[in-house]
Amino acid sequence: MTDTEKCDRDTGWICNQCKTPLKIQKVRLQYLRTIFALDLPACPQCGMFLIDEELATGKMAEAEQALEDK
């Protein structure tokens with residue numbers, strides 16, 4: 001799958017504010033001066049993005065702990 005196809009894929013989620021389907025987009029997140037680039041469902045109109053529970057409590061929590069332990 002190309003990046004263009006990936007970005008155009010419908011995620012099944014709708015932006016509550018814009019009522020627009022979310023699309024997978026590269027999103028930059030920052031925590032403690034460290035920037036992460038992730039592909040997340042995001043609204044193409046307002047730019048809000050979705051971080052699901054699994055990502056928030058799993059991978060992001062692990063990365064947060066690793067950064068704080070340094």
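Residue numbers run from 1 in the order of the sequence given.
Crowding of Gln17 atom CD: a count of heavy atoms from other residues, nucleotides or ligands under 6.0 Å not exceeding 12.
The shortest non-hydrogen separation linking Pro44 to Gln25 is CA-NE2, 3.6 Å.
The shortest side-chain heavy-atom distance between Leu29 and Phe49 falls under the 4.5 Å cut-off.
Partners of Leu50 by side-chain contact (heavy atoms from CB on, under 4.5 Å), not counting sequence neighbours, listed by chain and number: Trp13, Leu22, Pro41.
Lys26 NZ to Leu40 CG: the interatomic distance, rounded to the nearest 0.5 Å, is 9.5 Å.
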